[in-house]
Amino acid sequence: MSAERDLARLVSGMRPELNAGRYVFVTVDGPAVPPGLHPVVTVAESEGLTLVVPQEEADAASLPYDYVAGWITLRVHSALDAVGLTAAVARELADAGLSCNVVAGFHHDHLFVEYARAGEALTALRHLAERSA
């Protein structure tokens, strides 16, 4: 299946799905992921390696964090050069007073939202998709 570029089809077909669990953003020194951690996202920054990991793994490794997130996957296969999906999603969530950290994977976009409000974010995204259909 080829990646989608049409904004209307991207938004109407995004099929947001809340993944199970609580996720946290942590940072570690060096380029390697420490044993016992299974990140769903890694970002190399000049200050250290950022990892998004299940909260229980961060707790077991005694890694500090200050943001607990729910992980929403947009199931539409979005092209990496598609224009507007991130903006449409961010606007919808911002209008609802929800923070959002977006990560693009090869096949899908992934949103990390405040865990306590993840259900609210999922509902807002589903309403956006319905309005766009």
Side-chain angles (χ1 to χ4, degrees):
M1 180 170 135
S2 63
E4 184 61 63
R5 288 179 176 78
D6 180 82
L7 181 58
R9 288 197 296 252
L10 283 166
V11 174
S12 66
M14 64 182 162
R15 300 183 328 274
E17 179 179 289
L18 181 61
N19 297 284
R22 296 170 181 244
Y23 295 85
V24 297
F25 289 70
V26 300
T27 187
V28 297
D29 293 327
V33 175
L37 297 180
H38 303 91
V40 297
V41 175
T42 61
V43 179
E45 299 180 287
S46 61
E47 299 87 354
L49 184 65
T50 296
L51 310 172
V52 180
V53 297
Q55 182 181 13
E56 60 270 11
E57 290 182 11
D59 290 342
S62 298
L63 292 170
Y65 54 85
D66 59 6
Y67 180 76
V68 179
W71 171 20
I72 296 173
T73 299
L74 303 182
R75 301 305 306 170
V76 66
H77 184 181
S78 55
L80 290 169
D81 62 351
V83 176
L85 179 60
T86 301
V89 165
R91 169 62 60 202
E92 189 72 14
L93 295 177
D95 287 349
L98 295 160
S99 68
C100 178
N101 295 279
V102 181
V103 177
F106 186 84
H107 296 285
H108 305 287
D109 291 285
H110 305 272
L111 315 174
F112 293 89
V113 300
E114 182 183 348
Y115 181 79
R117 298 184 69 193
E120 187 180 341
L122 191 63
T123 298
L125 294 171
R126 286 179 175 158
H127 287 153
L128 173 61
E130 290 168 7
R131 288 193 319 270
S132 300

Answer whether the closest heavy-atom distance between the side chains of [X] and [Y] falls below 4.5 Å.
X	Y	result
Val89	Met14	yes
Gln55	Tyr115	no
Leu49	Val33	yes
Pro39	Val53	yes
Val28	Leu63	yes
Leu98	Val113	no
Leu85	Val11	yes
Val52	Val24	no

>> One thing to verify: whether Glu92 and Arg131 come together as a salt bridge, which I'm taking to mean a side-chain N less than 4.0 angstrom from a carboxylate O.
In response: yes
Identify the two heavy atoms, one from [X] and one from [Y], that lie closest to each other, and give their separation to 0.1 Å.
X	Y	answer
Leu74	Pro16	CD2-CB, 3.9 Å
Ala104	Leu80	CB-CD2, 4.3 Å
Leu51	Pro34	CD1-CD, 4.1 Å
His110	Gly105	CD2-N, 4.0 Å
Gly70	Ala118	CA-CB, 4.3 Å
Ala96	Glu120	O-OE2, 4.0 Å

Which value, rounded to the nearest 0.5 Å, describes the distance between [X] atom [atom1] and [Y] atom [atom2]?
X	Y	atom1	atom2	result
Cys100	Ile72	SG	CD1	7.5 Å
Glu130	Ser12	CD	OG	11.0 Å
Leu122	His127	CG	NE2	10.0 Å
Leu93	Arg117	CG	CZ	9.5 Å
Leu111	Ser99	CG	OG	11.0 Å

>> Can you confirm whether Asp95 is buried at CG, in the sense that more than 12 heavy atoms of other residues, nucleotides or ligands lie under 6.0 Å from that atom?
In response: yes
> Is it true that atom CG of Asp81 has more than 12 heavy atoms of other residues, nucleotides or ligands lying nearer than 6.0 Å?
Replying inline: yes
> So, Phe112 versus Phe25, ring centres under 6.0 angstrom or not?
Replying inline: yes
Keeping the roles fixed (side chain from [X], backbone from [Y]), state whether a donor-acceptor pair exists under 3.5 Å.
X	Y	value
His77	Glu4	no
Arg75	His108	no
Arg126	Ala124	no

> Should the pair Trp71 and Tyr23 be assigned to parallel (<30°), tilted (30 to 60°) or perpendicular (>60°) ring geometry?
Replying inline: perpendicular
> Does one hydrophobic cluster hold both Leu18 and Val76, with members joined at side-chain heavy-atom distances below 4.5 Å?
Replying inline: yes
>> Check for me, please, whether Val41 and Leu37 land in the same ILVMFWY cluster - side-chain distances under 4.5 Å, paths through other members count.
In response: no
>> Checking side-chain polar atoms at under 3.5 Å, does Thr73 have a donor or acceptor matched by the opposite partner on Asn19?
In response: yes
>> Under a plain distance cut-off of 3.5 Å, with no hydrogens placed, do Thr50 and Glu45 share a side-chain donor-acceptor pair?
In response: yes
